[in-house]
Amino acid sequence: MFLASSTKTIDSNLSSLAEQIEQQNPGLSVLAARQFRFAIRQTPLEVAISEPRQFNVLEEFILRAGVEFEPAPNLKELADLLGLDEIFVKTAAATLVSLESLEVAENGKIAIAPQGRDFFEKGAVSRSQIQSIYAISDPLNQTLTFKFDALAAESVNLPDLADLVSLEHKITDLADLSIAEIQPLIQASGLGIHVPYNGKIVSNCDVIGDDLDIWQTVSIFVLLDAIENKTTIQVRQGKQILESASNLLNELESQQKLSLNDLCKLTEDVILQEPEIIATPKTRKSASKKKRKETDPENK
């Protein structure tokens with residue numbers, strides 16, 4: 001038997017989940033359950049992604065001609081040698097120029113670019129593309145993740161958790177991070193834009209706009225373990241338990257940096273009263289059995 005819900009601070013939209021928690025966990029009592037809002041920080045970024053690009057057969061032949069032919073031919077001579085229309089050779093050469101692998105003079109004469117010999121020997125060129133992404137910093141869960149799409153900013157009419165708890169971002173300013181520090185964070189986010197074993201590398205990262213606070217909703221439950229007579233704080237989003245956030249709030253509460261009364265209007269009297277109510281039925285049941293045993297004719 002637990003305290004009646006009317007004596008507890010349980011938000012109406014959390015009462016069903018509170019009952020479910022108690023049903024699924026005998027010995028646990030939900031003393032309080034409230035919803036709060038907290039802000040995560042969204043930062044727009046632009047990253048440069050370098051990845052290898054293999055040369056096709058025609059491009060490789062043009063580069064080989066630039067490296068091995070003496071004197072180096074012009075584009076018309078290469079077209080005649082290959083039996084191709086000159087337009088195909090010009091198009092391939094223009095691509096190599098854009099990849100900084102080849103130089104073409106006004107008269108069509110080719111020359112290998114400074115990096116072209118190295119690219120030719122590797123059989124591939126490193127090309128770059130620019131990609132817009134967003135960094136999402138979560139001060140409650142102490143995470144920094146990255147997404148392709150921006151999160152929608154919505155109004156949330158709930159008490160602000162930051163008014164009761166000091167929430168600090170894991171990374172204060174992304175601009176202070178080196179590219180070597182950012183790369184593993186992007187890789188862990190699973191965007192597929194930094195995959196070193198495939199040669200795909202995020203080579204640069206720039207902040208391109210202002211930070212934007214995005215409100216999130218979180219549910220906080222105060223649980224009493226009747227066996228250990230111990231209260232714990234559990235943080236959830238929906239039915240998902242947020243372990244890191246729960247650990248953070250429990251640590252702050254143990255350090256007396258967070259008050260359960262401020263957080264969930266939970267007084268010491270309510271906390272002390274609950275174990276007594278749980279124990280009372282057991283005590284009465286035990287006394288009743290003892291009385292029956294004493295009055296049993298067979299025991300006389």
Side-chain angles (χ1 to χ4, degrees), residues 9-18 20-21 32-49 51 128-177 179 181-195 200 202-221 233-249 252 258 262-264:
T9 306
I10 297 179
D11 288 356
S12 58
N13 57 338
L14 295 178
S15 58
S16 177
L17 181 54
Q20 184 179 339
I21 291 172
R34 293 188 67 196
Q35 281 194 314
F36 292 88
R37 66 176 185 172
F38 74 100
I40 60 176
R41 187 180 65 202
Q42 179 172 270
T43 306
L45 307 171
E46 268 190 0
V47 293
I49 307 163
E51 60 181 320
S128 293
Q129 60 174 316
I130 301 299
Q131 174 72 55
S132 295
I133 62 173
Y134 296 87
I136 309 297
S137 178
D138 184 332
L140 182 58
N141 294 289
Q142 288 291 286
T143 58
L144 178 63
T145 56
F146 296 84
K147 297 181 178 293
F148 285 125
D149 299 320
L151 299 176
E154 298 178 357
S155 176
V156 178
N157 186 25
L158 287 170
D160 189 349
L161 185 60
D163 291 338
L164 304 174
V165 181
S166 177
L167 298 177
E168 297 181 358
H169 290 275
K170 187 176 182 179
I171 305 297
T172 305
D173 190 347
L174 279 171
D176 293 337
L177 293 182
I179 188 63
E181 292 171 312
I182 291 176
Q183 286 170 338
L185 296 172
I186 293 178
Q187 185 176 7
S189 294
L191 299 182
I193 58 176
H194 185 75
V195 191
K200 202 170 187 178
V202 171
S203 55
N204 190 56
C205 179
D206 292 317
V207 176
I208 58 170
D210 296 331
D211 295 335
L212 178 65
D213 284 342
I214 306 292
W215 291 113
Q216 301 285 291
T217 300
V218 69
S219 303
I220 295 180
F221 294 80
I233 300 172
Q234 187 180 88
V235 184
R236 295 187 178 218
Q237 276 190 318
K239 292 188 176 182
Q240 180 185 4
I241 299 173
L242 305 180
E243 296 290 352
S244 296
S246 299
N247 293 338
L248 173 64
L249 295 193
L252 291 174
L258 174 63
D262 292 340
L263 185 67
C264 291

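Between the Ser246 side chain and the Val235 main chain, a donor and an acceptor come within less than 3.5 Å of each other. Judged purely by atom type and a 3.5 angstrom limit, Asp11 has no side-chain atom pairing as donor or acceptor with the backbone of Asn13. Counting only distance, with no hydrogens or angles, the side chain of Thr9 and the backbone of Cys264 share a donor-acceptor pair below 3.5 Å. In this structure a side-chain-to-backbone donor-acceptor pair under 3.5 Å is present from Gln237 to Thr217. Looking only at distances, a side-chain donor or acceptor of His194 sits under 3.5 Å from a matching main-chain atom of Val202. With Ser166 contributing its side chain and Ala162 its backbone, the two residues share no donor-acceptor pair below 3.5 Å.
The nearest pair of heavy atoms linking Pro159 to Gln35 is CD-O, 3.7 Å. Contact between Leu174 and Ile182 at its shortest, heavy atoms only, is O-CD1, 4.4 Å. Between Ile214 and Leu151, the shortest heavy-atom distance links the atoms CD1-O, 3.9 Å.
Put simply, the side chain of Ile136 does not reach to within 4.5 Å of the side chain of Asp138, judged on heavy atoms. Residues Ile40 and Asp213 form no side-chain contact, since every pair of their non-hydrogen atoms from C-beta on lies 4.5 Å or further apart. You'll find the side chain of Ile220 stays beyond 4.5 Å of the side chain of Arg34, heavy atoms only. Between Gln183 and Ile186 there is no side-chain heavy-atom pair separated by less than 4.5 Å. Contact annotation: the side chain of Arg236 approaches that of Phe221 to within less than 4.5 Å [non-hydrogen atoms, C-beta and beyond]. No side-chain heavy atom of Gln42 sits under 4.5 Å from any side-chain heavy atom of Lys147. Contact annotation: the side chain of Leu17 approaches that of Lys239 to within less than 4.5 Å [non-hydrogen atoms, C-beta and beyond].
Taking CG of Leu167 as the reference point, atom CG of Leu164 lies at 9.5 Å (rounded to 0.5 Å). Taken to the nearest 0.5 Å, the CG atom of Leu212 stands 10.0 Å off from the OH atom of Tyr134.
Environment of CG in Asp173: crowded, with over 12 heavy atoms of neighbouring residues, nucleotides or ligands closer than 6.0 Å.
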Before giving the answer on side chain to side chain contact (heavy atoms under 4.5 Å, CB included), spell out for Gln234 and Ile21 the whole-Å C-alpha distance, their side-chain angles and the decisive distance to 0.1 Å.
-> CA-CA 11 Å; Gln234 187 180 88; Ile21 291 172; 4.2 Å; yes
Step by step, would you call Leu242 with Val218 a side chain to side chain contact (heavy atoms under 4.5 Å, CB included)?
-> CA-CA 9 Å; Leu242 305 180; Val218 69; 4.3 Å; yes
Would you please test Leu252 and Ile233 for side chain to side chain contact (heavy atoms under 4.5 Å, CB included) and show each step?
-> CA-CA 10 Å; Leu252 291 174; Ile233 300 172; over 6 Å; no
Start with the C-alpha distance between Leu191 and Phe148, add both sets of side-chain angles, then the distance that settles side chain to side chain contact (heavy atoms under 4.5 Å, CB included), and finish with yes or no.
-> CA-CA 8 Å; Leu191 299 182; Phe148 285 125; 3.7 Å; yes
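Under 3.5 Å, the side chains of Thr43 and Asp211 contain a donor-acceptor pair of N or O atoms. With hydrogens and angles left out, the side-chain atoms of Glu168 and Gln142 include no donor and acceptor closer than 3.5 Å.
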